Amino acid sequence: MKITDIRFGRLRVPLKTPFKTALRTVNEIDDIVVIIKTDTGHVGYGEAPATAVITGDTLGSIIDAIRHYIAPRLIGQEIANLNHITRLIQDSMEKNTSAKAAVEIAVHDLWGQLYDAPLYQLLGGGDPAITTDITISVDYIDKMVADSLKAVERGFESLKIKVGKDLGVDIERVKAIHAAVEGRALLRLDANQGWTAKQAVYALNNLEEAGVKLELVEQPVKARDLDGLLYVTERVQTPVMADESVFDPMQAVELIRMRAADIVNIKLMKTGGISNAIKLADIAALHGVECMIGCMLETSISVAAAVHVAVAKADVITKIDLDGPSLCTLDPVDTGVLFNDSEISITDAPGLGVREIRGLEPLEVAQAWAS
Ligand code: MG
């Protein structure tokens with residue numbers, strides 16, 4: 001099975017409610033779909049969103065990186081040589097992790113098809129059923145409480161509450177949600193870099209003293225501020241999780257060496273795909289550090305890939321934040337991964353099992369390689 005061509009599509013899906021964090025507001029998912037064709041007729045699918053404020057990737061940069069730097073190296077490569085291909089992808093250029101992730105996902109989809117097995121089985125197996133949390137966007141307190149109650153009614157037992165806007169209101173937001181759902185849902189806070197280290201310690205101490213038990217607090221301080229992250233980790237009882245501070249395995253090594261956080265959030269769009277996500281999970285496991293697996297605003301192509309990784313690495317990936325498909329008004333993609341609100345399961349379909357992508361807009365991108 002040899003790679004013969006790489007094509008692009010665009011997939012747009014409206015969100016049920018605007019996605020609001022300390023960094024941005026988004027109304028629809030708008031992603032690039034990567035379609036890898038082979039000489040056997042098998043087709044692999046990958047996906048990446050533009051997340052300029054976190055990864056620096058835009059829709060244009062994703063297409064350009066793949067067209068000019070990644071695709072030319074992959075045409076003619078045998079899918080069976082997976083490790084060689086992922087090395088070619090990772091070494092093609094600096095950064096551009098979302099573009100690399102989209103291509104790696106499509107290659108892994110084909111690798112599963114080559115051996116006629118669902119991807120998680122080839123990655124080591126596991127119980128193909130996991131449970132995800134759901135994001136509660138930062139908003140007026142009443143709206144956040146209403147959204148939280150709605151999520152609990154839909155069966156979500158973990159809520160990821162976005163904060164990091166205004167410290168005083170943030171504390172009130174969390175207290176109000178805690179009072180409304182107490183005993184029915186675990187609360188995870190995500191400040192998306194919105195606080196200083198001192199503000200984070202103040203807020204968490206305040207919540208802890210008020211009896212608000214949090215499962216974790218995610219990325220309280222700026223991505224580059226590892227010293228600030230360490231400052232918070234040393235001073236609060238609540239477990240601290242690094243998200244934007246850790247993209248790749250080397251950054252995880254540094255974070256763990258410093259003991260700057262208790263948990264690491266793995267995202268395929270930060271690691272540049274599946275190969276580094278697995279390395280990062282293995283490094284964390286070696287050090288006894290737990291991981292969450294998360295996603296950006298992605299549909300069920302790339303989120304399906306993250307589900308396969310989560311199942312195969314369930315011993316270390318103990319927390320799941322794969323709510324992309326649940327945030328959408330509809331799921332336009334049929335894959336081997338079934339998203340049923342908080343419950344996610346995987347069928348026996350080979351690879352990612354992508355069968356149909358409704359509403360996929362083909363993008364005519366001139367080839368920068370000879371096929
Ligand atoms: Mg986060």
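Note that ligands are numbered from 1 as they come in the structure, with each ligand's atoms numbered from 1 the same way. This one's a predicted model, so the numbers in the text were calculated from it and none came from an experiment.
At a threshold of 2.8 Å, the Mg ion (ligand 1) has a backbone or side-chain N, O or S atom of Asp243 nearer than that distance. At a cut-off of 2.8 Å, Asp321 is not counted among the residues with an N, O or S atom near the Mg ion (ligand 1).
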request  = Apply side chain to side chain donor-acceptor pair (under 3.5 Å) to the pair Gln237 and Asn205, showing each step before the final yes or no.
outcome  = CA-CA 8 Å; Gln237 295 299 313; Asn205 285 342; over 6 Å; no

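Nearest N, O or S atom of Glu218 to the Mg ion (ligand 1): atom OE2. Within Asp190, the N, O or S atom lying nearest to the Mg ion (ligand 1) carries the name OD2.
Checked by atom type, the side-chain pair Asp109/Gln113 shows a donor-acceptor distance below 3.5 Å.
Without hydrogens or angle criteria, Glu290 side chain to Met292 main chain gives no donor-acceptor distance under 3.5 Å. Side chain of Lys313 to backbone of Ile278: no donor-acceptor contact under 3.5 angstrom is found.
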